[in-house]
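Written below as structure tokens is the structure these notes are about.
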There are 2 protein chains.
Amino acid sequence: MGIMQNQPATNSTDSVSITLTDRLFDTLQRAIVEGEIPSGSKISEPELARQHSVSRGSLREAIGRLEARKLVERKPNLGARVVTLSYEQLIEIYQVREALEGMAARLAAQNMSEKEIEDLQVLLKEHGHEIEEQHGQAYFQKQGDLDFHYRIVQGSKNQQLIGLLCNDLYHLLRMYRFQFGMRSKRSQQAYDEHHYLLNAIVSRDPEMAELLMRQHIRSSRRNVERMLLEN
Amino acid sequence: MGIMQNQPATNSTDSVSITLTDRLFDTLQRAIVEGEIPSGSKISEPELARQHSVSRGSLREAIGRLEARKLVERKPNLGARVVTLSYEQLIEIYQVREALEGMAARLAAQNMSEKEIEDLQVLLKEHGHEIEEQHGQAYFQKQGDLDFHYRIVQGSKNQQLIGLLCNDLYHLLRMYRFQFGMRSKRSQQAYDEHHYLLNAIVSRDPEMAELLMRQHIRSSRRNVERMLLEN
DNA sequence: GCCCATTTAAGTGTCGACAATATTGGCCTG
DNA sequence: CAGGCCAATATTGTCGACACTTAAATGGGC
């Protein structure tokens with residue numbers, strides 16, 4: 001299901017021997033991101049523990065990780081609450097993305113393998129077809145955009161960058177998209193921008209790649225600003 | 001009946017380190033950053049727990065936070081190891097810093113208050129004096145540089161940015177500085193670059209501020225590259 | 001009826017113990 | 001003597017229980 005499933009670094013050998021806390025963390029993260037556990041609500045440790053049939057200790061470890069990813073906030077002796085989404089915070093996230101993904105694009109233009117670039121071209125072409133078929137309403141804004149960005153980030157080969165974006169920021173962003181119902185309405189433009197960016201990467205032009213990625217994200221941010229001000 | 005639980009918090013002047021896990025986390029983080037717990041070494045939960053007179057549960061929560069800050073790596077059923085510092089990873093950190101702090105400088109040029117800017121000018125002037133007095137060997141490279149960057153980041157007013165830089169990256173960087181003995185030898189140049197950057201902020205020129213910050217960090221990275229290649 | 005102190009309940013922080021998994025050392029076999 | 005299988009040990013994962021803090025409820029005085 002999830003395209004950027006959380007598979008911490010060692011994504012090879014054993015996929016079953018995951019610890020209980022890990023599974024619990026994944027479950028809770030998905031529940032929070034998709035709004036199943038409402039934003040801003042308090043988290044009762046005994047209740048959640050019973051509900052998932054785990055010990056409070058394990059649950060607390062999972063909550064700790066959620067806190068590290070800024071999905072919940074915890075105050076001593078007061079408990080944890082799911083983070084409350086605000087307009088300002090969303091803008092902040094876009095600013096951080098602009099900086100980090102801009103750098104990712106720069107590095108990707110230098111470090112992506114020829115095969116990775118080819119695969120990305122194929123992926124982009126598929127996106128184009130889907131937009132034509134569905135007039136850009138369904139798939140693209142939902143998962144395709146993240147897909148494309150995800151590959152660019154991976155292509156940077158910078159583990160620090162990859163960790164920050166794929167582990168910390170993307171889940172927060174996904175949470176906003178779910179709960180604010182952010183359908184983009186500009187799939188065609190986004191597709192074009194992806195195309196230009198990919199061309200810069202094909203040309204191995206880091207400067208241009210960073211520039212285009214930053215413009216792309218800025219443009220996306222402005223779109224969000226407009227959309228939220230309409231409500 | 002009562003077991004001696006309460007320990008009147010002797011060692012540090014922490015104002016509000018309420019929970020035990022918090023104190024333990026601070027202690028361990030410092031120990032790791034300063035190399036007291038060697039880089040790459042395995043962390044034995046029973047031993048550390050006994051050594052610090054805490055339960056294994058509390059220790060595990062602290063380790064979990066250290067893992068979130070990428071100071072330790074943990075593999076299921078195998079335990080945690082202090083992260084091993086590598087040349088490549090340090091370069092990666094500098095690339096991330098270039099992106100994030102560049103954005104921070106851009107935002108700081110827009111969002112810093114006049115008073116914050118004045119204070120920063122005072123701080124920079126002090127740095128200048130210290131460089132003259134000590135020929136730039138002691139204080140500046142050690143804390144002054146981080147001090148300056150810290151204020152710029154705060155001045156961005158972007159909480160996401162502040163969190164990423166001051167919580168996640170800052171300690172990793174400090175760890176490298178400690179263990180690689182990174183004395184800069186270019187305090188004068190760094191001071192000049194700080195000066196130019198601050199001028200851009202005074203002029204409220206975001207574009208220029210970001211450009212100068214990125215050049216400053218790139219220059220710092222190249223210096224590190226030279227230094228490490230000499231060994 | 002309202003306010004404040006005190007008691008009561010609920011929730012979080014911390015601990016020690018048990019179960020599952022990995023590592024060490026010894027023993028047997030070739 | 002080497003190498004691999006197996007028991008014994010140590011370490012990690014998980015659990016339930018107790019201590020302390022905060023929130024809620026109760027009751028008495030005005």
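Lettering follows sequence order; numbering is per chain, from 1. The structure presented is a predicted model; accordingly, all values stated were derived computationally and were not measured. The figures that follow rest on heavy atoms only: side chains count, while hydrogens, waters and symmetry mates do not.
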(message) Any base atoms under 4.0 Å from I43(B), or only sugar-phosphate, or nothing? Heavy atoms, all strands.
(response) sugar-phosphate
(message) Within the 4.0 Å heavy-atom criterion, would you say G79(A) contacts the bases, only the backbone, or no part of the nucleic acid?
(response) sugar-phosphate
(message) For the residue pair Q89(A) / Y176(A), report whether a side-chain donor-acceptor contact shorter than 3.5 Å exists.
(response) yes
(request) Return the value, rounded to whole Å, for the distance between atom CD1 of I18(B) and atom C1' of dG13(C). (result) 12 Å
(message) Looking only at the aromatic ring of each residue, does the gap between the centers of H127(A) and H194(A) stay below 6.0 angstrom?
(response) no
(request) Taking only Lys NZ, Arg NE, NH1 and NH2, and the carboxylate oxygens of Asp or Glu, determine whether R214(A) and E98(A) approach each other closer than 4.0 Å. (result) yes
(request) Verify the contact: side-chain N or O of S58(A) to OP1 or OP2 of dG13(D), cut-off strictly under 4.0 Å; return yes or no. (result) no
(message) Check this one for me: any side-chain N or O of R60(B) less than 4.0 Å away from OP1 or OP2 of dG13(D)?
(response) yes
(request) Look at K42(A) and dA23(D) and indicate whether a side-chain polar atom (N or O) is within less than 4.0 Å of OP1 or OP2. (result) no
(request) Could you tell me which non-hydrogen atom of A68(B) sits nearest to which non-hydrogen atom of A68(A), and how far apart they are? (result) CB-CB, 3.4 Å
(request) Please state whether the phosphate of dT12(D), meaning OP1 or OP2, lies under 4.0 angstrom from any side-chain nitrogen or oxygen of T19(A). (result) no
(request) Indicate whether OP1 or OP2 belonging to dA10(D) is found under 4.0 Å from a side-chain N or O atom of S44(B). (result) no
